[in-house]
Amino acid sequence: MEKYEFPAEERKLLEGMKVPFAIFQMVDKRIITLIISDGLSTLFGYSHREDAYLDMAQSTFQFEHPDDAARVADAAVLFATQEDKFDIIYRARGKNDTDYRIIHAIGNHIYTESGVRLAQVAYTDEGIYTGESCRNYSYFTNSLNKALHEESLFRGNYYDRLTGLPNMSYFFELADAGKVAAEKEGGKEVMLFMDLSGMKYFNTKYGYSEGDKLLRAFAELLVDFFSNDNCCRIGADHFAVYTRAEGVEQVLEELFFRAREINEGKSVPVHVGIYVAGTENITASGAFDRAKIAGDSLKNRYGCCYDYYTTKQSSEMEQRQYVLSNLDRALEERWIKVYFQGIVRAV
């Protein structure tokens with residue numbers, strides 16, 4: 001589906017409205033922002049609407065509290081793909097604000113004259129969020145606290161709860177859709193597997209809560225470079241990114257530099273495996289498997305580094321796996337002969 005373009009006069013009218021609202025469209029499984037009103041720009045602290053468009057292009061859910069981001073993102077995707085209505089309460093803050101406020105978002109689907117389905121979402125500021133002690137906005141505070149409690153019993157369909165990035169299955173859907181779009185444009189794509197090397201020692205030294213902070217900080221860094229929908233937390237300390245091949249090495253060098261400074265300097269090296277889309281007609285999950293093979297080849301390297309996938313790496317991995325899988329059988333059937341060397345005293 002192509003991105004819908006509003007006529008110039010209609011766009012000007014919608015953008016100039018003082019009511020905080022936005023209009024979205026689902027394109028290639030991604031939520032695209034079409035319209036941001038003046039009221040919404042003001043609500044989230046933007047003096048220039050174009051800056052809001054740029055930030056929303058990086059991440060539609062960047063204003064939300066980190067603990068609410070995945071819940072809001074899940075609800076938005078369900079609204080875009082399955083549900084008829086969108087009604088959610090969450091915490092968010094403006095671009096330069098320090099305090100979180102309670103935001104009530106309500107959305108409905110609308111249709112253009114040509115039959116394109118869009119989502120219109122209106123936002124209401126219900127006051128500063130102060131936790132359990134908030135009295136002036138008790139209805140919305142209680143509703144929010146109830147949602148946070150229910151969240152602990154709910155597992156999201158699309159987004160990772162810790163980082164707010166797409167989960168693995170949804171990320172592969174996004175990457176497969178992106179591959180089709182890239183082929184139409186004649187571009188070349190790469191799949192990146194990223195491993196935060198040394199997280200086990202980091203957690204032992206600083207604690208798991210500090211480890212979670214590092215994972216969230218690294219996720220935010222990935223969004224800065226690649227946008228939210230092109231990144232994924234696969235699990236534990238492993239991430240994946242789907243992006244354009246052009247200039248990827250320069251981007252990674254800058255990413256490595258900035259990764260050393262995140263989490264107040266308490267960070268770990270990043271190992272990156274790169275799979276370049278070529279003549280193989282494989283899915284995003286297959287591309288990820290190949291990128292991971294390249295990343296695993298860096299396990300004995302210290303410091304930030306990257307390597308490209310080669311068929312030789314795949315053959316070596318298959319050979320190692322064959323040996324490990326058949327070692328017991330090899331001993332039983334005497335494929336292997338064991339020799340003992342006598343102990344020699346060098347004196």
The side chain to side chain contact (heavy atoms under 4.5 Å, CB included) partners of L13 (sequence neighbours excluded) come to none
Inspect the contact between D68 and R71 and indicate whether a charged nitrogen and a carboxylate oxygen are less than 4.0 angstrom apart.
yes
Looking only at heavy atoms, which two atoms of I282 and A287 are closest? And how far apart?
CD1-N, 3.5 Å
Could you tell me whether a side-chain N or O of S297 sits under 3.5 Å from a main-chain N or O of A294, the two making a donor and an acceptor?
yes
Where A175 and M191 come nearest, the two heavy atoms and their spacing
CB-CE, 4.3 Å
Give, for atom CG of L298 and atom SG of C304, the distance between the pair rounded to the nearest 0.5 Å.
11.0 Å
Report yes if some heavy atom in the side chain of F86 is under 4.5 Å from a heavy atom in the side chain of I88; otherwise report no.
yes
Are F193 and F256 in one and the same hydrophobic cluster, where Ile, Leu, Val, Met, Phe, Trp and Tyr link if side-chain heavy atoms are under 4.5 Å apart?
no
Going by distance alone, is a donor N or O of one side chain under 3.5 Å from an acceptor N or O of the other, for N167 and S169?
yes
Within the distance-only criterion (no hydrogens, no angle test), does the side chain of T204 pair as donor or acceptor with the backbone N or O of K200 below 3.5 angstrom?
yes
Test item: R233 side-chain N/O and A236 main-chain N/O as donor-acceptor pair under 3.5 Å
yes
Whether R101 and E126 form a salt bridge (side-chain N of Lys/Arg under 4.0 Å from carboxylate O of Asp/Glu) is what I want to check.
no
Validation row: M194, Y306 side chains within 4.5 angstrom (heavy atoms)
no
Check: Y158 main-chain N/O paired with D74 side-chain donor or acceptor under 3.5 Å
yes
Side chain to side chain contact (heavy atoms under 4.5 Å, CB included) between L165 and C232, intermediate numbers included
CA-CA 5 Å; L165 297 179; C232 167; 5.5 Å; no
Taking the side chain as every heavy atom from C-beta outward, state whether Q25 and K3 have any pair of such atoms under 4.5 Å apart.
yes
Here the pair of heavy atoms bringing L14 nearest to F21 is O-CZ, 3.6 Å
Check whether more than 12 heavy atoms from other residues, nucleotides or ligands sit under 6.0 Å from atom NZ of K266, and answer yes or no.
yes
In Å and rounded to the nearest 0.5 Å, what is the CE to OG1 distance from M26 to T81?
5.5 Å
Hey, does F226 have a side-chain heavy atom less than 4.5 Å from the side chain of V251?
yes
Begin with the C-alpha distance, continue with both residues' side-chain angles, and end with the deciding distance and a verdict on salt bridge (charged side-chain N to carboxylate O under 4.0 Å, His left out) for K12 and E9.
CA-CA 5 Å; K12 183 178 179 181; E9 286 299 318; 5.6 Å; no
Apply the test side chain to side chain contact (heavy atoms under 4.5 Å, CB included) to residues L252 and L192: give CA-CA distance (whole Å), side-chain angles for both, the deciding distance (0.1 Å), then the verdict.
CA-CA 10 Å; L252 287 177; L192 309 178; 4.2 Å; yes
Linking I/L/V/M/F/W/Y whenever any side-chain heavy atoms sit under 4.5 Å apart, do L221 and I274 land together?
yes
Does the side chain to side chain contact (heavy atoms under 4.5 Å, CB included) test come out yes or no for F24 and I32, once each step is laid out?
CA-CA 5 Å; F24 306 96; I32 306 297; over 6 Å; no
For G286, is there any backbone N or O sitting under 3.5 Å from a side-chain donor or acceptor partner on R290?
yes
Between E261 and R258 (salt bridge meaning N to carboxylate O under 4.0 Å), is one present in this structure?
no
Do the side chains of E249 and Y308 get nearer than 4.5 Å, heavy atoms only?
yes
Quick check: does any side chain N or O of D125 sit under 3.5 Å from a backbone N or O of G127, one acting as donor and the other as acceptor?
yes
dist I106:CD1 -> D87:CG (nearest 0.5 Å) comes out at 4.5 Å
Would H65 and Y90 count as a close aromatic pair, with their ring centres under 6.0 Å?
no
So, the side chain of R161 versus the backbone of D67: is there a donor-acceptor pair under 3.5 Å, distance only?
no
Look at E189 together with K179 and state whether they make a salt bridge at an N to O cut-off of under 4.0 Å.
no
Do you know which of D38, D51, D55 makes side-chain hydrogen bond (donor to acceptor under 3.5 Å, both in side chains) with Y46?
D55
M199 atom CE, over 12 foreign heavy atoms within 6.0 Å
yes
Answer whether the closest heavy-atom distance between the side chains of R260 and S267 falls below 4.5 Å.
no
Quick check for you: to the nearest 0.5 Å, what is the distance between L174 atom CG and I31 atom CD1?
9.5 Å
With the 4.5 Å side-chain cut-off for hydrophobic clustering, are L215 and V241 part of the same group?
yes
Any luck finding a side-chain donor-acceptor pair between R244 and N230 under 3.5 Å?
no
Closest non-hydrogen contact found for A240 with F171 is CB-CE2, 3.7 Å
Any side-chain to backbone donor/acceptor pair from N326 onto R329? Under 3.5 Å, distance only.
no
L40 side chain reached by V19 side chain, heavy atoms, under 4.5 Å:
no
Flag yes if L255 and I234 sit in one hydrophobic cluster, no otherwise; membership is Ile, Leu, Val, Met, Phe, Trp, Tyr, and two members link when side-chain heavy atoms are under 4.5 Å apart.
no
Is it the case that atom CD in E264 sees more than 12 heavy atoms from other parts of the structure closer than 6.0 Å?
no
What I want to find out is whether D212 reaches R216 closely enough, with some N-O distance under 4.0 Å, to be called a salt bridge.
no
Give me the atom names and distance for the closest heavy-atom approach of A105 to V121.
CB-CG1, 4.0 Å
Taking C-beta and beyond as the side chain, do D176 and Y242 meet within less than 4.5 Å on heavy atoms?
no
With a 6.0 Å cut-off (strictly less than), is the heavy-atom count around CZ of R301, excluding the residue itself, greater than 12?
no
Tell me whether M168 is reachable from L162 by hopping between hydrophobic residues (I, L, V, M, F, W, Y) whose side-chain heavy atoms are closer than 4.5 Å.
no
Does CD belonging to E246 count more than 12 external heavy atoms closer than 6.0 Å?
no
Nearest heavy-atom contact between D99 and R93 is O-CB, 3.3 Å
Please check: side-chain N/O of E173 versus main-chain N/O of K29, any donor-acceptor pairing under 3.5 Å?
no
Taking atom CG of L34 and atom CE of M56, what is their separation to the nearest 0.5 Å?
10.5 Å
Could you walk me through whether I293 and Y275 pass side chain to side chain contact (heavy atoms under 4.5 Å, CB included), step by step?
CA-CA 9 Å; I293 290 172; Y275 173 76; over 6 Å; no
If you draw the axis of the six-membered ring of Y100, does the NZ or CZ of R91 fall within 45° of it and under 6.0 Å from the ring centre?
no
What about Y4 and F6, are their ring centers closer than 6.0 Å?
yes
In terms of the angle between their ring planes, are F288 and F172 parallel, tilted or perpendicular, with boundaries placed at 30° and 60°?
tilted
Between atom CD1 of I36 and atom CZ of F44, what is the distance when rounded to the nearest 0.5 Å?
10.0 Å
